[in-house]
Amino acid sequence: MSTVADRLDRMVRRVQAHSRVPAISAALHRADRPLWTCAVGGTGNDTALDPETTFRIGSVTKTFTAVLTLQCRDDGLLDLDDPVGRHLDVPAHGELTVRRLLSHTAGLQREPYGDVWDTLRAPDDERLLADLARAERVLPSARRYHYSNLGMALLGRMVGKLRGGTWAEVLTERVLTPLGLTRTTVTPGRRAATGFLVDAYSDEARPEPPTDFGAVGPAAQLWSTAGDMARWAAFLADPASLDAAGRVLAPSTLDEMRWPVTVTDETLWSGGFGLGLILVPQGERVVHVGHDGAMPGFLAGVYGRRGGEGTAAAMGCAVLLSSGTAGEALELPHRLLAAAVEHDPAEIEPWRPGPPAPAPLRGLLGRWWGEGYEYVFSWHDGALRARGADDPAGKPPAVFAPVPDREDVFRTVSGREAGELLRLTRDESGAVVRMHWATYRFTRHQETFDRYDFRAGE
């Protein structure tokens with residue numbers, strides 16, 4: 001009888017054979033199981049292919065630069081709506097905001113000035129900034145999604161300047177070391193796979209030349225193993241499980257990074273972009289969050305899974321390839337995550353009784369009406385919650401937290417109307433008879449929007 005690992009192995013081997021990939025390395029990380037890995041093919045050099053073989057991960061590097069940028073924000077070094085010129089001495093485009101550069105909505109051209117893909121010579125830091133005035137702003141800021149390696153390079157340079165070191169130094173100190181990503185480096189190392197161009201009409205695989213991306217490194221420089229990248233993907237999806245103390249980034253900040261800022265295709269709406277992260281909806285309130293990468297001779301797909309029944313804590317997958325032409329293989333991480341959940345779902349946690357709701361709130365629990373619709377207010381896991389009576393089971397509830405020093409006032413901290421206030425009104429006996437949520441009146445019975453004169457009383 002085949003095991004789940006056998007199923008996943010076979011999926012990887014099928015892609016390696018059908019997509020003609022010289023080397024493929026895959027890994028699946030989850031909190032409730034040992035790390036699963038699979039490596040198929042050869043490195044193209046004198047070393048044997050195994051889970052410790054490193055591959056170029058290309059634009060997956062951008063997710064690291066994005067995390068470093070949000071660290072700076074959380075430490076008070078910048079605001080996301082600051083113009084980049086406030087923190088970096090640039091001859092042009094200094095008005096573009098950090099937020100727009102992170103989400104690829106700044107309108108800045110894709111690459112640094114010059115034909116870098118012809119020469120394979122990336123600019124150094126001095127040249128990158130000196131040539132910035134020759135780079136175009138190809139779209140108005142905030143108009144639409146337009147991918148830019150140049151924009152991410154500027155953010156990497158800014159992070160280094162704010163922290164008093166190089167981008168690579170800051171990355172190692174503030175992300176790689178705390179998360180134990182010991183096989184993730186800015187240079188290939190001796191156990192790196194060779195990248196290839198696989199000929200379309202024969203079985204020839206031609207090695208691609210090695211490249212150093214110089215000042216554009218924050219966009220695409222890194223090398224890593226599938227195991228390290230699966231762990232990184234798990235962190236992006238579920239940071240609380242891997243970094244409970246928030247040493248790298250607070251879970252709430254990752255929530256912010258995962259919120260969609262723009263769609264990547266205005267008609268299909270099949271993918272989105274947050275703050276440095278690609279978002280790929282999977283249906284049934286499941287989303288895969290991470291990034292793809294491509295460099296000469298290499299492709300990478302690194303995604304964590306959020307939501308859905310059976311999804312384990314800290315669930316991430318990475319697929320690294322030594323072919324620059326097997327784009328169809330980038331569906332594999334999504335398929336591996338789905339297969340792992342289908343054939344080996346996380347255990348169902350048993351429900352256990354908990355403490356009662358605080359006495360002042362017990363009377364408001366139950367059904368209320370607002371805007372003509374019915375809602376259910378309840379107390380679970382130590383918090384007041386609300387759901388539409390007809391909401392599907394998987395839709396998250398609204399969750400409230402008390403507002404300090406304001407009796408009977410709560411802030412919606414997640415779910416519907418996040419950020420808005422919930423105000424309770426009590427009668428002379430202390431019973432809650434009316435509520436206002438985001439200023440909409442909630443009552444125990446369905447009512448019209450008739451004008452209500454509060455000065456006249458009930």
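When a residue number appears, it is its place in the shown sequence, counting from 1.
- With Thr172 contributing its side chain and Glu169 its backbone, the two residues share no donor-acceptor pair below 3.5 Å.
- Residue-environment remark: CZ (Arg143) stays at or below the threshold of 12 foreign heavy atoms within 6.0 Å.
- Between Asp228 and Thr184, the side chains place a donor N or O and an acceptor N or O closer than 3.5 Å (distance only, hydrogens not considered).
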Would Leu421 and Thr412 count as a side-chain contact (heavy atoms from CB on, under 4.5 Å) here? Give the steps. CA-CA 6 Å; Leu421 293 177; Thr412 317; over 6 Å; no
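- Although no hydrogens or angles enter the test, the distance criterion places a donor-acceptor pair under 3.5 Å between the side chain of Gln109 and the main chain of Glu136.
- In this structure, Asp81 places its CG atom where more than 12 heavy-atom neighbours from other residues, nucleotides or ligands lie under 6.0 Å away.
- Residue Leu128 comes nearest to Pro123 through the heavy atom pair N-CB, 3.8 Å, listed as atom of the first residue, atom of the second, then distance.
- Shown here is Glu328, whose CD atom has more than 12 heavy atoms of other residues, nucleotides or ligands within 6.0 Å.
- Between Thr262 and Arg144, the closest side-chain pair of non-hydrogen atoms is not below 4.5 Å.
- A salt bridge links Arg30 with Asp344: the distance from a Lys NZ or Arg NE/NH1/NH2 to an Asp or Glu carboxylate oxygen falls below 4.0 Å.
- At least one donor-acceptor pair closer than 3.5 Å links the side chain of Gln221 to the backbone N or O of Val186.
- Minimum interatomic distance between Leu8 and Ala339 (heavy atoms only, all atoms of both residues): CD2-CB, 4.0 Å.
- Annotation: side chain of His29 is not in contact with side chain of Met315 (no heavy-atom distance under 4.5 Å).
- Atom CE in Met257 sits 9.5 Å away from atom CG in Leu80 (nearest 0.5 Å).
- Between Pro218 and Thr61 the shortest heavy-atom distance is O-CG2, 3.6 Å.
- For the atom pair CG of Leu162 and CG of Asp75, the computed distance is 10.5 Å after rounding to the nearest 0.5 Å.
- Aromatic rings of Phe298 and Trp223 (six-membered ring for Trp) have centroids within the 6.0 Å cut-off, being under it.
- Atoms OG and CZ, from Ser148 and Arg100 in turn, are 14.5 Å apart once rounded to the nearest 0.5 Å.
- Summarising the geometry, atom CG belonging to Leu321 is positioned 5.0 Å from atom CD1 belonging to Ile24; distances are rounded to the nearest 0.5 Å.
- Arg426 has a carboxylate O that lies under 4.0 Å from a charged side-chain N of Asp408, or vice versa, which qualifies the two as a salt bridge.
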Show your reasoning for whether side-chain contact (heavy atoms from CB on, under 4.5 Å) applies to Val138 and His146. CA-CA 9 Å; Val138 298; His146 181 76; 3.6 Å; yes
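- Between Trp117 and Phe213, the gap from one ring centroid to the other is short of 6.0 Å.
- Glu371 has a carboxylate O that lies under 4.0 Å from a charged side-chain N of Arg416, or vice versa, which qualifies the two as a salt bridge.
- In terms of modelled atom types and a separation under 3.5 Å, the side chain of Gln71 and the main chain of Val248 share a donor-acceptor contact.
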Run the side-chain hydrogen bond (donor to acceptor under 3.5 Å, both in side chains) test on Ser252 and Asp255 for me, step by step, so that the C-alpha distance in whole Å, both residues' side-chain angles and the decisive distance to 0.1 Å come before the verdict. CA-CA 5 Å; Ser252 60; Asp255 287 343; over 6 Å; no
Val261 vs Phe273, test: side-chain contact (heavy atoms from CB on, under 4.5 Å). Steps then yes/no. CA-CA 6 Å; Val261 176; Phe273 220 98; 5.9 Å; no
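- Residues Ser141 and Thr105 fail the side-chain proximity criterion, which asks for heavy atoms closer than 4.5 Å.
- Summarising the geometry, atom CG belonging to Leu154 is positioned 13.0 Å from atom NE2 belonging to His87; distances are rounded to the nearest 0.5 Å.
- Aromatic rings from Tyr303 and His334 are positioned such that their centres are separated by under 6.0 Å.
- Without hydrogens or angle criteria, Thr425 side chain to Val433 main chain gives no donor-acceptor distance under 3.5 Å.
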May I have the step-by-step check of side-chain contact (heavy atoms from CB on, under 4.5 Å) for Val287 and Val280, ending in yes or no? CA-CA 6 Å; Val287 65; Val280 186; 5.6 Å; no
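- For the pair Arg247 (side chain) and Pro178 (backbone), a donor-acceptor distance under 3.5 Å is present.
- In this structure, Ser59 contributes its side chain and Lys62 its backbone to no donor-acceptor pair below 3.5 Å.
- Side-chain rings of Tyr375 and Trp368 stay apart, their centers remaining 6.0 Å or farther from each other.
- A donor-acceptor pair is defined here as one N or O able to donate and one able to accept, closer than 3.5 Å; such a pair exists between the side chain of Asp265 and the backbone of Leu268.
- The main-chain N or O of Leu96 is never found under 3.5 Å from a side-chain atom of Arg137 such that the two would form a donor-acceptor pair.
- Between Val302 and Ile57 the shortest side-chain heavy-atom distance does not fall below 4.5 Å.
- More than 12 heavy atoms of other residues, nucleotides or ligands shown are found within 6.0 angstrom of CZ on Arg362.
- With Arg258 contributing its side chain and Leu277 its backbone, the two residues share no donor-acceptor pair below 3.5 Å.
- Counting heavy atoms from C-beta on, the side chains of Asp125 and Thr166 never come closer than 4.5 Å.
- The minimum heavy-atom distance between Ala326 and Val21, with the atom names listed, is CB-CG2, 3.8 Å.
- Residues His288 and Arg305 have side chains that bring a donor and an acceptor to within less than 3.5 angstrom of each other.
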Could you check His380 against Arg385 for side-chain hydrogen bond (donor to acceptor under 3.5 Å, both in side chains), going step by step and ending with a plain yes or no? CA-CA 7 Å; His380 293 295; Arg385 299 181 172 207; over 6 Å; no
side-chain hydrogen bond (donor to acceptor under 3.5 Å, both in side chains), that's the test. Do Thr443 and Arg434 meet it? Break it down for me. CA-CA 5 Å; Thr443 55; Arg434 189 172 57 252; over 6 Å; no
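- Contact detail for Ala26 and Leu336: the closest heavy-atom pair is CB-CD1, 4.3 Å.
- Proximity of the aromatic rings of Phe400 and Trp437 is defined here by a centroid distance below 6.0 angstrom, and this criterion is met.
- Ring geometry for Tyr147 versus His291: interplanar angle of 30 to 60°, hence tilted.
- Here the SG atom belonging to Cys72 is positioned 5.5 Å from the CG atom belonging to Leu78, to the nearest 0.5 angstrom.
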